[in-house]
Amino acid sequence: MNKRMKKRIKINKLISLETSVDEVVVKGWVRTRRDSKGFSFIEVNDGSCLKNIQVIADNSLDNYDEITRLITGSAVAVSGSLEESPGGGQKWEVHAKSIEIISIAPETYPLQKKRHTDEFLRTIAHLRPRTNKYGAAFRIRSELSFAIHKFFKDRGFSYIHTPILTGSDCEGAGELFQVTTLDMKNVPSIDGNIDYSHDFFGKEAGLTVSGQLSAEMFALALGDVYTFGPTFRAENSNTSRHVAEFWMIEPEMAFCDLEQDMDLAEEMLKYLAGVVLENCAEDIGLFAKFVDKQLMNTIETLLSSDFKRITYEEAVKILEKSKKKFEYDVAYGKDLQSEHERYLTETHFKKPVIVYNYPKAIKPFYMRQNDDGKTVAAMDILVPRIGEIIGGSQREERLDVLEARIKEMALPMEEYWWYLDSRRYGSVPHSGFGLGFERLLMFLTGINNIRDVIPFPRTPKNIEF
RNA sequence: UCCCCAGUAGCUCAGUCGGCAGAGCAGGUGGCUGUUAACCACCGUGUCCGUGGUUCGAGUCCGCGCUGGGGAGCCA
C-alpha cells in the first residue's frame, strides 16, 4: 500500500497568508540556492505565481549533504513552518523540518538563473515555461482565455464549437492545410488528377482558416454567438506576427450593424485589458519592468481613450498629408501597408484606431456593400506596436447582392449553397469580427514575437515539440 | 517568397591588419557570509554552423548551403 502523498499548499496562497503557520508543505522546483554558515537558502518556485518562496534548510537536517547538491531545476517537497523573514525582499520564509528531494537536475540543465535570450529559449520551448518571463506569459494567457468566455457569457452570447476540419476552400481567408488519409506513396489518380473519391471524406479536406461562415449560421439561430478555437493558415509567412496555428476569437451577432460591431470590439479590448491589470498585476509588472517600459502607458491609453474611428478614405487623406516618406505609396484603392497602419495608430493618433469602409475590391465577398457602390462595411482595429489586431465587418445579408458578388469574384457558387440558404430564409443584418488571441497577448504583455506567446509555435519548417 | 544582419565554450558575447582560441555567467573544489542576479580564490570546457575555394598560413577573405533574427508581402 502506498503512503498517501502529502497535500501541498501553492506558493501564491502561501505568500498571501496573514499569520505564521506551524505546518506547511511546499512542493516545487529549485530556482537557486545560496549557502550560508550552518544553513542554506533555497528559492523554490511552483509556477502558481511569479514569486519564489525562500526555504531555510538547517545543516541539522539529516540529508543536508544532499541538500547542498541541489542545483537549479531540481524538484523538492519541503515540510516546515511558515515564519516571518528577518531578511529584506520577502515577507515569509519556510523553515524546513524536512526536505524530500524528488529529483536532482544534473548540471546539464540548460536554464540558468541569469537572463536567457528569447531565441535560445525558443530552442528549448519544452523548458521555457519554467522561467519567470514565460511562466508569467502563460499564466496571463490562461487568465485572458477565461476572461474572454466571461465577457461573452455576461453579455448573453453562446459559445459555438465550429469545425476544425473543413470540406472546401470556400472560406477564402488564406492557404489551407490539406488533410488526407490517402497513401502519399501511392496516390490514386483519375485523368492525371488526384482522385479524392478514395480519400477519407470523399473530397478534398483541410484545416479551418476561420470559423466565421459556420458562426454566421448559428448567429442566425441563437442570436449572439462566438467561437474561440485554433485556426490554421498554410501561408509561408516568416514574421514576428504570424504562426501557422493560432487561436482566434470570432463573435457573430444577429441584428447588428457595423457600428455596433465596432462598439463591441472596443468594449471587449478594454474589458480584457482591465482584467489583465486587475488579475495579473504581478505578472504584468514583470513585462512593464523588463520587456516593454511603455507597456503600462499603452494599456492605460487603451483603457481611457475612445478609439479613433475613421473611414478608409479619411485614412488615406491623413497619410497623404503626413508628408512622411513611406516605402510604399499611399493611394485610394490600395490596401494600407503595415507602415501606414502603424503611422496612424502610433504617430498620428497615438491610440487605437478603427479604420472602416474599405474599397470592396480589396475585401472578401461576404462583406456588406455600402450604398456608395464602391466600399464595404469592413473595419480593422489598429493598435500601437502590433498593427491590425481585429478585422471584422457587417456581412452581406441580401441574397441577390451576395450572389452577384460571388459571381463577380468567380467563386464556385455551388459550394456556398448552405451559406446562401441563410440569406434565403429569414436573413437579417448581422456582423462580426476576428480577434487574434496571440496578437492580443503580444499587445498586453509587450512581447514582440508571436512565437513567444504560444506554448509550442508552429511556423514554416518548424514543428518541433 | 523577397531584402538585410548574424552563427566562436552549456549560456551571453569579445576576437585588432589573415599569424598559437578569449572573458563573464553556469558547473566543480575550497573559503566567507541571514543570503537574495550573494561574495572571494582556484579548476575544466571548443567540428570557431557546414562545404568548396584563395593563401606559406583562414574564426577572420570569397562562393554555395543550412540555421536563427529583423523588415516586407499574405493576414489574425
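Remember, it's a predicted structure, so these values are computed and weren't measured experimentally. Throughout, protein chains are lettered first and strands after them, A, B, ... in sequence-line order, and every chain is numbered starting at 1.
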Tell me, please, which residues at least two apart from Lys51(A) pass side chain to side chain donor-acceptor pair (under 3.5 Å).
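With sequence neighbours excluded, Lys51(A) shows a side chain to side chain donor-acceptor pair (under 3.5 Å) to Glu282(A), given in chain and number order.
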Cut-off 3.5 Å, side chains only: do [X] and [Y] have a donor facing an acceptor?
X: Thr375(A); Y: Asn370(A); answer: yes
X: Gln212(A); Y: Glu216(A); answer: yes
X: Ser81(A); Y: Glu83(A); answer: yes

Identify whether any heavy atom of [X] sits under 4.0 Å from a base atom; if not, whether one sits that close to sugar-phosphate; answer base, sugar-phosphate or nothing.
X: Ile450(A); answer: base
X: Glu339(A); answer: nothing
X: Gly87(A); answer: base
X: Ile390(A); answer: sugar-phosphate
X: Glu93(A); answer: base

How many Å lie between [atom1] on [X] and [atom2] on [N], as a whole number?
X: Glu327(A); N: G73(B); atom1: CD; atom2: P; result: 8 Å
X: Arg233(A); N: C75(B); atom1: CZ; atom2: P; result: 9 Å
X: Arg451(A); N: U67(B); atom1: CZ; atom2: P; result: 13 Å
X: Leu70(A); N: G28(B); atom1: CG; atom2: P; result: 11 Å
X: Asp335(A); N: A72(B); atom1: CG; atom2: C1'; result: 14 Å
X: Phe443(A); N: A76(B); atom1: CZ; atom2: P; result: 18 Å
X: Glu464(A); N: U67(B); atom1: CD; atom2: C1'; result: 13 Å
X: Glu43(A); N: G34(B); atom1: CD; atom2: C1'; result: 13 Å

Answer yes or no on whether [X] is positioned over the face of [Y], meaning its NZ or CZ is under 6.0 Å from the six-membered ring centre and within 45° of the axis.
X: Lys374(A); Y: Tyr332(A); result: yes
X: Arg122(A); Y: Phe120(A); result: no
X: Arg155(A); Y: Tyr271(A); result: yes

Nucleotide nearest [X] (side chain, heavy atoms from C-beta), chosen from [options]:
X: Ile56(A); options: A76(B), G73(B), G34(B); value: G34(B)
X: Val243(A); options: G34(B), A76(B), C75(B); value: A76(B)
X: Ser240(A); options: G70(B), G68(B), G27(B); value: G70(B)

Stacking between Phe246(A) and A76(B), defined as ring centres under 5.5 angstrom apart with planes under 30°, is that present or not?
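By the stated criterion, Phe246(A) and A76(B) stack.
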Heavy-atom distance under 4.5 Å between the side chains of Tyr328(A) and Glu339(A), does that happen here?
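Sidechains of Glu339(A) and Tyr328(A): in contact.
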Would you call Arg130(A) and Tyr109(A) a side-chain contact if the rule is heavy atoms closer than 4.5 Å?
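They are in side-chain contact.
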For G68(B), which nucleotide in any strand shown is its Watson-Crick or wobble partner with both distances under 3.5 Å?
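Paired with C5(B).
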So how far is it from Glu341(A) CD to Ile381(A) CD1, rounded to the nearest 0.5 Å?
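Between Glu341(A) CD and Ile381(A) CD1, I get 12.0 Å after rounding to 0.5 Å.
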Between the protein and nucleotides 10-14 of chain B, which nitrogen or oxygen pairs come in under 3.5 angstrom?
unit_1, atom_1, unit_2, atom_2, d
G10(B), N2, Gln112(A), OE1, 3.3
G10(B), N2, Gln112(A), NE2, 2.5
G10(B), N3, Gln112(A), NE2, 3.4
C11(B), O2', His116(A), ND1, 3.2
C11(B), O2, Lys114(A), NZ, 3.0
U12(B), OP1, Thr117(A), OG1, 3.0

If the test is side chain to side chain donor-acceptor pair (under 3.5 Å), which one of Asp46(A), Asn45(A), Asn132(A) qualifies with Asn52(A)?
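The side chain to side chain donor-acceptor pair (under 3.5 Å) with Asn52(A) is passed solely by Asn45(A) among Asp46(A), Asn45(A), Asn132(A).
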Hey, does the side chain of [X] come within less than 4.0 Å of [N]'s phosphate (OP1/OP2), counting only N and O?
X: Gln90(A); N: U36(B); value: no
X: Ser338(A); N: G73(B); value: yes
X: Lys37(A); N: C32(B); value: no
X: Asn236(A); N: G73(B); value: no

The contact string for nucleotides 38-45 of chain B, one letter per nucleotide 5' to 3', using protein heavy atoms under 4.0 Å with B, S and - for base, sugar-phosphate only and none, comes out as B-------
